[in-house]
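Below: one structure, written as structure tokens.
If you're wondering where the values come from, they're calculated on a predicted model, not measured in any experiment.
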Amino acid sequence: MSPKITGYKTHDIRFPTSLSGDGTDAMNTDCDYSSAYVKLYTDSDLTGYGMTFTIGRGNDIVCAAIRELAKRLIGKDVEDLFANMGKTWDYLSADSQLRWIGPEKGVIHIALGAVDNALWDMFARARGKPLWKLVVDFTPEEIVNATAFRYITDALTREEALAILQEKAASRAEREAKVRELGYPAYVTSAGWLGYSDEKVARLTREAVEQGFNHFKMKVGANRESDLRRGKIIRSIIDDPQYLPAGVKPRDPNGPDLAGKNAGPTGSVLMIDANQVWDVPVAIDYVKSLAEIKPWFIEEPTAPDDILGHAAVRKALKPYGIGVATGEHAHNRIVFKQLLQASAIDVVQIDSCRLAGVSEVLSVLLLAAKFGVPVCPHAGGVGLCEYVIHLSLIDYIAISGTMERNVLEFVDHLHEHFLYPCSINKNGRYNVPDNTQEGYSIEMHEKSINEYEYPNGTYWRSRGVAPSA
């Protein structure tokens with residue numbers, strides 16, 4: 001007999017990152033990176049771990065929603081759930097009373113992301129594989145069955161998805177070997193937070209260049225003159241060959257991996273991110289005024305669910321050679337469907353737990369492949385880098401078949417709290433997760449939970465936070 005799910009436990013875990021300015025941008029000025037964390041238990045040793053990301057207050061509300069959704073799994077045979085993860089996703093999202101407080105958006109949806117991810121983590125652990133390897137070893141038919149298709153079949157049918165997967169199936173092993181050897185391309189945001197001094201921005205940019213990165217992102221939107229100044233500081237470093245690591249030559253800015261990205265003379269690329277702070281006309285005017293720092297794209301120029309607004313920004317900025325990216329706060333696959341149908345974005349930025357888990361992520365990866373738009377996931381936060389390397393590997397090996405123009409965000413914060421932290425190689429690329437026990441790489445050290453659980457963890461108690469009952 002296969003194990004049955006017998007229980008769950010949530011943890012409201014908050015890290016005091018607002019004290020150091022980590023994560024600061026024009027919209028989010030005091031981020032305490034937080035994890036609404038869940039453990040799914042079975043009547044065996046098999047456990048699944050999942051989480052969704054918030055920035056502090058409200059994390060407890062998400063934990064409450066996770067508990068309501070996890071209740072639906074009690075008593076279920078895990079192999080029955082694993083047999084068709086798309087059907088399982090439909091079941092988890094189908095409680096009509098819980099659905100009412102979405103539907104498929106907001107707290108209930110990101111809570112579903114934590115529960116679905118925990119179930120996928122359990123599935124991967126049960127098979128003794130990292131999550132990405134579990135999925136890329138599926139047949140095309142099994143991937144289709146694991147995908148959430150409701151409300152997107154006007155843009156992508158199951159048959160079209162199957163054809164995309166079948167086309168890439170024969171060459172999966174070749175791509176897997178290549179990415180294991182090279183790593184997956186990454187970009188760095190750690191130097192670009194608004195709360196950092198110019199000196200810290202310059203130092204962190206130099207360090208990132210030395211570490212092999214050639215894509216860099218900077219937060220904008222609080223002050224135009226400050227943004228230009230900081231952008232010029234970053235450009236002065238990333239465009240200067242003297243800062244390249246020893247033995248590394250400048251890359252061709254017109255090569256197939258960099259053409260159209262406004263790469264500078266060393267082949268380095270700058271991106272900018274406004275975190276939804278502008279109305280559409282302001283976004284257009286503001287980004288035009290930053291054209292001299294030559295960004296590849298503006299990320300989240302306006303409200304994340306304003307599809308036509310993004311399309312207007314993209315159309316207005318096209319003559320300036322500046323693209324548009326979004327997705328970090330796109331509620332669900334339907335928003336991505338419309339962004340792609342409206343030709344509103346140049347880059348798809350999935351988030352591993354804003355979307356409701358792996359099954360919904362698969363639907364967006366397949367949509368992006370059909371529309372020919374590269375996927376460059378949002379990461380950073382706490383746990384997101386650990387999650388998204390798996391998703392980018394699935395995209396490259398099984399779905400899009402390319403990583404030439406893709407870059408996956410890397411932020412060097414809080415990885416030490418995880419049993420299987422992500423890592424970067426000397427060429428500024430993610431290493432491929434390869435531990436047979438790590439599942440979705442999101443299991444957290446018990447010591448970290450005991451220290452940072454809110455409000456009863458030792459860190460918060462030592463700061464005078466009143467304990468809960």
**Item:** Pair Lys261-His215, side-chain donor/acceptor within less than 3.5 Å
**Value:** yes
**Item:** Minimum heavy-atom distance Asn332-Glu360, with the two atoms named
**Value:** CB-OE2, 3.2 Å
**Request:** State which residue, out of His329, His378, His310, fulfils the side-chain hydrogen bond (donor to acceptor under 3.5 Å, both in side chains) condition with Glu300.
**Result:** His329
**Asked** So, Ser268 versus Thr266: side-chain donor-acceptor pair below 3.5 Å or not?
**Response** yes
**Asked** With a 4.0 Å cut-off, would you call Asp137 and Lys129 a salt bridge?
**Response** yes
**Prompt:** What closest approach, in Å, do Asn262 and Lys294 show between heavy atoms, and which atom pair accounts for it?
**Reply:** CB-O, 3.4 Å
**Request:** For Lys105, look at atom NZ and say whether over 12 heavy atoms of other residues, nucleotides or ligands are found less than 6.0 Å away.
**Result:** yes
**Message:** Which residue is it: Glu207, Glu210, Arg206? I am looking for the one with a side-chain contact (heavy atoms from CB on, under 4.5 Å) to Tyr243.
**Reply:** Arg206
**Prompt:** Quick check: does any side chain N or O of Thr17 sit under 3.5 Å from a backbone N or O of Cys31, one acting as donor and the other as acceptor?
**Reply:** yes
**Message:** Are the side chains of Arg158 and Leu162 in contact, using a 4.5 Å heavy-atom criterion?
**Reply:** no
**Message:** Looking at Ser226 and Asn223, would you say the former's side chain and the latter's main chain have a donor-acceptor pair under 3.5 Å?
**Reply:** no
**Message:** Quick test of your reading of the model: are Arg224 and Asp285 salt-bridged, counting only N-O distances below 4.0 Å?
**Reply:** yes
**Asked** Do the side-chain N and O atoms of Asp395 and Ser400 include a donor-acceptor pair separated by under 3.5 angstrom?
**Response** yes
**Prompt:** Is the shortest heavy-atom distance from the side chain of Arg251 to the side chain of Asn214 under 4.5 Å?
**Reply:** yes
**Fill in**
In Val407, Val388, Val179, the residue satisfying side-chain contact (heavy atoms from CB on, under 4.5 Å) with Tyr184 is Val179
**Request:** List the steps, then state whether ring-ring contact (aromatic ring centres under 6.0 Å, His included) holds for His415 with Phe410.
**Result:** CA-CA 11 Å; His415 304 295; Phe410 176 74; 5.3 Å; yes
**Message:** Is it the case that the side chain of Arg125 and the backbone of Gln437 share a donor-acceptor pair, with hydrogens and angles ignored and the cut-off at 3.5 Å?
**Reply:** yes
**Asked** Do side-chain atoms of Ser34 reach the backbone of Asp32 as a donor and acceptor pair under 3.5 angstrom?
**Response** yes
**Asked** Between Phe216 and Tyr187, does the ring centroid distance fall short of 6.0 Å?
**Response** no
**Prompt:** Is there a donor-acceptor contact under 3.5 Å from the side chain of Ser93 to the main chain of Trp89?
**Reply:** yes
**Message:** Taking the six-membered ring for Trp, are His445 and Phe418 closer than 6.0 Å centroid to centroid?
**Reply:** no
**Item:** Heavy atoms of other groups near Phe371 CZ, more than 12 under 6.0 Å
**Value:** yes
**Request:** Check the pair Asp252 / Leu258 against side-chain contact (heavy atoms from CB on, under 4.5 Å), numbers first and verdict last.
**Result:** CA-CA 7 Å; Asp252 179 6; Leu258 295 174; 6.0 Å; no
**Asked** Is the number of heavy atoms from other residues, nucleotides or ligands under 6.0 Å of Glu174 CD greater than 12?
**Response** no
**Item:** Nearest heavy-atom neighbours spanning Tyr430 and Ala379
**Value:** OH-CB, 4.4 Å
**Request:** Using a cut-off of 6.0 Å, state whether more than 12 heavy atoms not belonging to Asp279 lie near its atom CG.
**Result:** no
**Item:** Pair Arg354 + Glu328, salt bridge at N-O below 4.0 Å
**Value:** no
**Message:** Counting C-beta onward and ignoring hydrogens, is there a side-chain heavy-atom pair between Lys337 and Ile334 closer than 4.5 Å?
**Reply:** yes
**Message:** Donor-acceptor check, side chain of Asn59 to backbone of Ser35, threshold 3.5 angstrom: yes or no?
**Reply:** yes
**Message:** Within the structure provided, determine whether Leu419 and Ser441 are in side-chain contact (heavy-atom separation under 4.5 Å).
**Reply:** no
**Request:** Indicate yes or no: at least one non-hydrogen side-chain atom of Cys422 is less than 4.5 angstrom from one of Tyr387.
**Result:** no
**salt_bridge(Arg230, Asp198) N-O dist < 4.0 Å** = no
**Request:** Mind listing the closest non-hydrogen atom pair of Pro304 and Gln276 along with its distance?
**Result:** CD-OE1, 3.4 Å
**Request:** For the pair Phe53 and Tyr33, name the ring-plane relationship: parallel under 30°, tilted 30 to 60°, perpendicular over 60°.
**Result:** perpendicular
**Closest non-hydrogen atom pair, Glu104 against Arg333** = OE1-NH1, 2.5 Å
**Prompt:** Do you know the tightest heavy-atom contact between Glu176 and Val136?
**Reply:** OE1-CG2, 4.2 Å
**Item:** Side chain to side chain, Thr147 and Ile143, heavy atoms closer than 4.5 Å
**Value:** yes
**Check ion pair Lys219-Asp273 (N to O, under 4.0 angstrom)** = yes
**Request:** Kindly indicate, with the supporting measurements, whether the criterion side-chain contact (heavy atoms from CB on, under 4.5 Å) is fulfilled by Tyr440 and Ser352.
**Result:** CA-CA 11 Å; Tyr440 204 176; Ser352 54; 4.2 Å; yes
**Message:** Determine whether the aromatic ring centres of residues His413 and Phe15 are separated by less than 6.0 angstrom.
**Reply:** no
**Request:** Report yes or no: does Arg150 contribute a side-chain atom to a donor-acceptor pair with the main-chain N or O of Asp90 at less than 3.5 Å?
**Result:** no
**Message:** With heavy-atom distances below 4.5 Å as the criterion, would you say the side chains of Asp227 and Tyr286 are in contact?
**Reply:** yes
**Asked** Does a side-chain heavy-atom distance below 4.5 Å link Val348 with Leu340?
**Response** yes
**Message:** Within a 6.0 Å radius of atom NZ on Lys370, are there more than 12 heavy atoms belonging to other residues, nucleotides or ligands?
**Reply:** yes
